Amino acid sequence: MEELISQARNGDPDAFTALMESQMQNMYKAARSVLCNDEDIADAISDTILVCWEKLSQLKEDRYFRTWMTRILLNKCNDILRKRKQMVWMDEIPETPDVDDGFENSEWKEALNSLAENFRLVVMLYYIEGFKTSEISQILDIPEGTVRSRLARGREQLAGLLQLKVVN
C-alpha cells in the first residue's frame, strides 16, 4: 500500500484509483457507523476521495494514510449530519423500495446501532476497522484514555444488550 501512496503522491492517477479502491470497504464501514442512509454514505465517501486527491501532498507519513483518510471521512460524515439538522422536513414521506438487507438486520447490527454514537464509533473503528486505540485517538482527536474507556463502556453495553436478547 505504501508504494501506491508514494506513486499517488507523485501524481499517478491510476495508483490513486487503486489505493482508493483498496480502501473502499473500510470507508463504507466507517461511514456506515455514523450515517444510516446509503446516499449520505456515498456522498461522504466521494467527498473524502476528492479531498484525499487534492491534499495528498499534505500527508506527513505514508504509513498514516489510512488514519488520515478515515479522519477526513468522519469529518465529512459529521458535515452531512450538521447539514441534515439544518434541513426542513416535508410532511410527505417519499416512497422507498423494500430491500432485504440480510445481515444488516442481524441482532449484532441492531445492538451496535443502539449504542450511543461515541461508543458505537469507537467500537466500530476498533473491532470492524481494526484500528489501534492510538490511531482512533488521532482520528477522533480525543485522548487515548478516552478511547479505551469508551471502548470498555461500549463492550459493557453490547454485552448487556446481547445478553438481554438471549434471555428473551
Side-chain angles (χ1 to χ4, degrees), residues 1-87 103-104 108-109 111-159:
M1 182 161 97
E2 287 189 27
E3 185 176 322
L4 282 176
I5 296 168
S6 177
Q7 291 172 353
R9 275 182 183 255
N10 292 328
D12 183 351
D14 293 331
F16 181 78
T17 301
L19 180 63
M20 288 294 105
E21 286 174 354
S22 74
Q23 296 300 309
M24 196 59 68
Q25 187 174 15
N26 295 330
M27 286 192 290
Y28 179 82
K29 288 177 190 176
R32 182 76 179 176
S33 70
V34 177
L35 304 169
C36 296
N37 181 327
D38 280 336
E39 289 82 15
D40 288 343
I41 293 168
D43 287 345
I45 290 172
S46 63
D47 289 349
T48 299
I49 291 171
L50 181 61
V51 170
C52 286
W53 174 251
E54 291 173 345
K55 304 201 179 213
L56 191 57
S57 63
Q58 294 178 8
L59 176 64
K60 292 183 172 112
E61 292 186 46
D62 292 352
R63 64 186 175 143
Y64 294 123
F65 173 78
R66 190 165 170 225
T67 303
W68 175 76
M69 177 199 67
T70 304
R71 183 163 186 160
I72 292 169
L73 176 65
L74 293 176
N75 286 337
K76 293 299 175 186
C77 290
N78 289 329
D79 289 348
I80 289 170
L81 289 175
R82 270 192 296 279
K83 287 177 188 174
R84 188 183 302 154
K85 285 181 184 177
Q86 295 173 355
M87 293 178 80
F103 176 75
E104 297 287 324
W108 163 251
K109 188 74 169 173
L112 199 56
N113 284 334
S114 66
L115 291 176
E117 182 181 343
N118 58 346
F119 298 140
R120 181 179 66 241
L121 189 54
V122 170
V123 168
M124 293 280 289
L125 289 172
Y126 186 80
Y127 286 108
I128 296 175
E129 293 300 313
F131 283 109
K132 298 174 189 171
T133 55
S134 60
E135 293 171 323
I136 297 170
S137 171
Q138 289 178 332
I139 291 168
L140 300 178
D141 197 25
I142 58 176
E144 192 172 347
T146 303
V147 171
R148 286 193 295 267
S149 67
R150 287 182 184 178
L151 194 55
R153 288 188 184 118
R155 282 187 204 122
E156 289 172 7
Q157 285 185 11
L158 274 175

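Computed from a prediction, not measured in an experiment: that's the story for all the values here.
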Next item on the list: Might you work through the side-chain contact (heavy atoms from CB on, under 4.5 Å) test for K83 and I80, ending with a clear yes or no?
Entry: CA-CA 5 Å; K83 287 177 188 174; I80 289 170; 5.6 Å; no

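- Heavy atoms from other residues, nucleotides or ligands lying under 6.0 Å from OH of Y126 number 12 at most.
- A30 and E129 make their closest contact through N-OE2, 3.6 Å (heavy atoms, listed as atom of the first residue, atom of the second, distance).
- Between atom CG of residue L59 and atom CZ of residue R9 there is a gap of 4.5 Å, rounded to the nearest 0.5 Å.
- Between L125 and L74, some side-chain heavy-atom pair lies under the 4.5 Å cut-off.
- Residues I136 and R150 fail the side-chain proximity criterion, which asks for heavy atoms closer than 4.5 Å.
- Counted by atom type alone, Y127 and R155 present one or more donor-acceptor pairs between their side chains at under 3.5 Å.
- Side chain of R120 to main chain of S33: a donor-acceptor pair is present (N/O by atom type, distance under 3.5 Å, no hydrogens or angles).
- Heavy atoms of other residues, nucleotides or ligands lying less than 6.0 angstrom from CD of E54 number more than 12.
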Margin query: Please evaluate residues D38 and R32 with respect to the criterion side-chain contact (heavy atoms from CB on, under 4.5 Å), reporting the C-alpha separation (whole Å), side-chain torsions for both, the decisive distance (0.1 Å), and the verdict.
Written below: CA-CA 8 Å; D38 280 336; R32 182 76 179 176; 3.4 Å; yes

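- Using a 4.5 Å cut-off on side-chain heavy atoms (C-beta onward), M24 and I49 make contact.
- When side chains are defined from C-beta on, I5 does not count as touching Y64, because their heavy atoms never get closer than 4.5 Å.
- For K132, the NZ atom counts as loosely surrounded, since its 6.0 Å shell holds 12 or fewer non-hydrogen atoms of other residues, nucleotides or ligands.
- Residues satisfying the salt bridge (Lys or Arg N to Asp or Glu O under 4.0 Å) criterion with E144, sequence neighbours excluded, are R148.
- The SG atom of C52 sits 7.0 Å away from atom CE of M27, with the distance rounded to the nearest 0.5 Å.
- You'll find the side chain of M124 stays beyond 4.5 Å of the side chain of V34, heavy atoms only.
- Residues L81 and E117 form a side-chain contact, since some pair of their non-hydrogen atoms from C-beta on lies under 4.5 Å apart.
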Next item on the list: Determine, step by step, whether K55 and I72 satisfy the side-chain contact (heavy atoms from CB on, under 4.5 Å) criterion, reporting the C-alpha distance in whole Å, the side-chain angles of both residues, the deciding distance to 0.1 Å, and the verdict.
Entry: CA-CA 11 Å; K55 304 201 179 213; I72 292 169; 5.8 Å; no

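- Between the SG atom in C77 and the CD1 atom in I45 there is a gap of 8.0 Å [rounded to 0.5 Å].
- A heavy-atom distance below 4.5 Å is found between the side chains of R71 and D141.
- With F131 as the fixed residue, the side-chain contact (heavy atoms from CB on, under 4.5 Å) test singles out one of T70, L140, V147, V122: T70.
- Nearest heavy atoms, W53 versus A8: CZ3-O, 4.5 Å.
- Taken to the nearest 0.5 Å, the CG atom of L19 stands 7.5 Å off from the CG atom of L56.
- Between the T17 side chain and the P13 main chain, a donor and an acceptor come within less than 3.5 Å of each other.
- Separating the CD1 atom in I41 from the OG atom in S46 is a distance of 12.0 Å, to the nearest 0.5 Å.
- The backbone N or O of E2 sits nowhere less than 3.5 Å from a side-chain atom of S6 that would complete a donor-acceptor pair.
- Under a 3.5 Å cut-off, the side chain of R153 and the backbone N or O of F119 do not form any donor-acceptor pair.
- Taking OH from Y28 and CG from L35, the interatomic distance works out to 10.0 Å, rounded to the nearest 0.5 Å.
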